[in-house]
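Input: a single structure, listed below in structure tokens.
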Amino acid sequence: MGRMTASPGRRVLLAAPRGYCAGVDRAVIAVEKALEQYGAPIYVRHEIVHNKYVVQTLEKKGAIFVEQTEEVPPGNIVMFSAHGVAPTVHEEAQRGRLATIDATCPLVTKVHKEAVRYAKDDYDILLIGHEGHEEVIGTSGEAPEHIQLVDGPEDVAKVEVRDPSKVVWLSQTTLSVDETMETVDALKTKFPGLVSPPSDDICYATQNRQLAVKQMGAEAELVIVVGSRNSSNSVRLVEVAKLAGSREAYLVDFAGEIDESWLEGVTTVGVTSGASVPEVLVEEVLQWLSERGYGDVELVKAAEESITFSLPKELRRDLRDEAAALMAERGGSGASEA
């Protein structure tokens, strides 16, 4: 590691809050606890959180990531990621004789419950979100016949509903706050009777991280967002930085991905990280910058965060026994070795 240096006039604005949100923290700890408690392997359906480093770290500890529930051998434990799953996935796990741990973020679960409630009341549900994102697939699966996806303001023109007086909007939790409100406004113009969810679906962490980036984007010529490309909230931070006035904004998984040419003519660099990013990766970026004269770090504080979630209740049961019982009950042999 090089010496921390600061060149006159060069500085780093460091966003607060940044990095891990309560839902991610809970999901990552859940995998670690499951490995400690039940031993490897613990299968995880999809990436537990959208971060390359986190996934690689957990793989080294004995987690096995699969795309589909069917890939998990009977008699094993499967964990569902923070993004949530459709009810059909829980059914697949039962059919596959698997014990399950549900690490869905409670704020995503809240949106699932809203979808179920409005579908029961026969509303048309307009889900604002990105097509193909795991969270959207999970929420849509709660009431597929009632939900249609609206992927941004440009999608509003083609939305059709059965009864304009029975329409509600819900959203993915990790969207751009401003773009979502633009979509909602366009929907309200088209459907004046549009109902809003009881409380905002975009989660507190997404909103706070965007707020901090807005504050520093106006001053920083360059913003570096630490996060993975499949992380919706991290990609949104890049967009928010540019809209806030930053000349350039880039997404990097690691400090080694930063291109030195980005620093040309830059006196102020903004640094933040997505909600699934461990702080060690941010520290490496700050070290990299300080070695190039950006050692003066100022905190840009947008909000205080103190929220925490309790671990999934399944971690208080003996799931290995449960998995073995499921095998026995349906006439299978013992738990498969990975």
Side-chain angles (χ1 to χ4, degrees), residues 11-24 49-51 83 105 107-108 111 128-131 133 135-136 150-156 169 171-186 200-253 257-259 262-263 266-277 279 281-282 285-286 289 297-305 307:
R11 61 179 182 148
V12 173
L13 298 179
L14 182 60
R18 63 182 175 279
Y20 271 17
C21 60
V24 162
V49 296
H50 286 153
N51 185 264
H83 314 100
C105 171
L107 299 179
V108 173
V111 183
I128 302 171
H130 297 302
E131 193 161 2
H133 189 278
E135 188 188 322
V136 162
V150 183
D151 198 340
E154 61 289 341
D155 250 12
V156 172
W169 70 270
S171 85
Q172 188 180 326
T173 60
T174 53
L175 301 179
S176 151
V177 177
D178 292 342
E179 190 187 358
T180 301
M181 290 328 291
E182 206 183 306
T183 307
V184 170
D185 289 345
D200 202 337
D201 287 344
I202 296 182
C203 82
Y204 77 95
T206 300
Q207 298 193 37
N208 289 345
R209 278 148 196 70
Q210 288 179 18
L211 200 56
V213 165
K214 269 186 189 174
Q215 287 179 18
M216 72 186 187
E219 290 185 65
E221 298 101 323
L222 167 69
V223 171
I224 293 169
V225 178
V226 186
S228 293
R229 275 150 196 76
N230 64 338
S231 160
S232 173
N233 81 88
S234 301
V235 172
R236 302 291 83 74
L237 289 174
V238 173
E239 294 168 4
V240 170
K242 286 180 179 169
L243 286 168
S246 179
R247 200 170 64 206
E248 284 298 348
Y250 296 99
L251 188 62
V252 299
D253 259 298
E257 293 177 9
I258 303 171
D259 189 327
W262 299 347
L263 298 174
V266 169
T267 53
T268 303
V269 181
V271 175
T272 191
S273 57
S276 45
V277 176
E279 188 60 10
L281 301 180
V282 176
V285 167
L286 294 176
L289 287 166
V297 179
E298 286 173 38
L299 206 60
V300 175
K301 196 154 200 174
E304 289 287 347
E305 286 182 355
I307 192 165

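Quick caveat, the model's predicted, so the values are computed rather than measured. Counting from 1, the numbers follow the sequence of the chain as shown.
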>> Side chains of E239 and S176: any donor to acceptor distance under 3.5 Å?
In response: no
> Should E219 and R11 be marked as a side-chain contact (heavy atoms from CB on, under 4.5 Å) after you check the CA-CA gap, both sets of side-chain angles, and the distance that decides it?
Replying inline: CA-CA 11 Å; E219 290 185 65; R11 61 179 182 148; 2.8 Å; yes
> Should we count CD of E154 as having more than 12 external heavy atoms under 6.0 Å?
Replying inline: yes
> Hey, what do you get for CG (L289) to CG (L14), rounding to the nearest 0.5 Å?
Replying inline: 10.5 Å
> So do V225 and V277 actually touch side chain to side chain, heavy atoms under 4.5 Å?
Replying inline: no
> If you measure from CD on E135 to OG on S232, what distance do you get to the nearest 0.5 Å?
Replying inline: 8.0 Å
>> Once you measure the plane-to-plane angle for H133 and H83, does it fall in the parallel (<30°), tilted (30-60°) or perpendicular (>60°) bin?
In response: perpendicular
>> For R236, run the side-chain hydrogen bond (donor to acceptor under 3.5 Å, both in side chains) check against E179, H130, Q210 and tell me which one passes.
In response: H130
> Are the side chain of E248 and the backbone of L222 linked by a donor-acceptor contact shorter than 3.5 Å?
Replying inline: no
> Does the side chain of W262 come within less than 4.5 Å of V269's, by heavy atoms?
Replying inline: no
> What distance do D151 atom CG and E131 atom CD have between them, rounded to the nearest 0.5 Å?
Replying inline: 6.5 Å
>> Closer than 3.5 angstrom, by distance alone: can the side chain of S246 be matched with the main-chain N or O of A220 as a donor-acceptor pair?
In response: yes
>> Let's go through V271 and R18 carefully: what are the C-alpha distance in whole Å and the side-chain angles of both, what is the deciding distance for side-chain contact (heavy atoms from CB on, under 4.5 Å) to 0.1 Å, and is it a yes or a no?
In response: CA-CA 9 Å; V271 175; R18 63 182 175 279; 6.0 Å; no
> Looking at side-chain heavy atoms only, is the closest gap between I258 and Y250 below 4.5 Å?
Replying inline: no
>> Measuring only between side-chain heavy atoms, which start at C-beta, is V223 closer than 4.5 Å to L237?
In response: no
> Does the pair T272 and M216 meet the rule for a side-chain contact (heavy atoms from CB on, under 4.5 Å), with working shown?
Replying inline: CA-CA 10 Å; T272 191; M216 72 186 187; 4.0 Å; yes
> Should E305 and R209 count as side-chain neighbours, where that means a heavy-atom distance under 4.5 Å?
Replying inline: yes
> Do K214 and V240 touch side chain to side chain, with heavy atoms closer than 4.5 Å?
Replying inline: yes
>> Using side-chain contact (heavy atoms from CB on, under 4.5 Å), reason through N51 and L281 one step at a time and then give a plain yes or no.
In response: CA-CA 11 Å; N51 185 264; L281 301 180; 4.3 Å; yes
> Within a strict 4.5 Å, meaning less than it, do heavy atoms of the R229 and D253 side chains meet?
Replying inline: yes
>> For Q207, run the side-chain contact (heavy atoms from CB on, under 4.5 Å) check against L175, I202, T173 and tell me which one passes.
In response: I202
> Could you state the interatomic distance from OG (S171) to CG (D200), rounded to the nearest 0.5 Å?
Replying inline: 6.5 Å
> Nearest 0.5 Å, what's the CG-OG1 distance between L107 and T174?
Replying inline: 11.5 Å
>> I'd like to know if the side chain of N233 reaches the main chain of A275, judged simply by a donor and an acceptor atom lying under 3.5 Å from each other, with no hydrogens or angles considered.
In response: yes
>> If I compare all heavy atoms of A205 with all of C21, which pair ends up nearest, and what's the gap?
In response: CB-CB, 3.5 Å
>> To the nearest 0.5 Å, what is the distance between OG1 on T183 and CG on D178?
In response: 10.5 Å
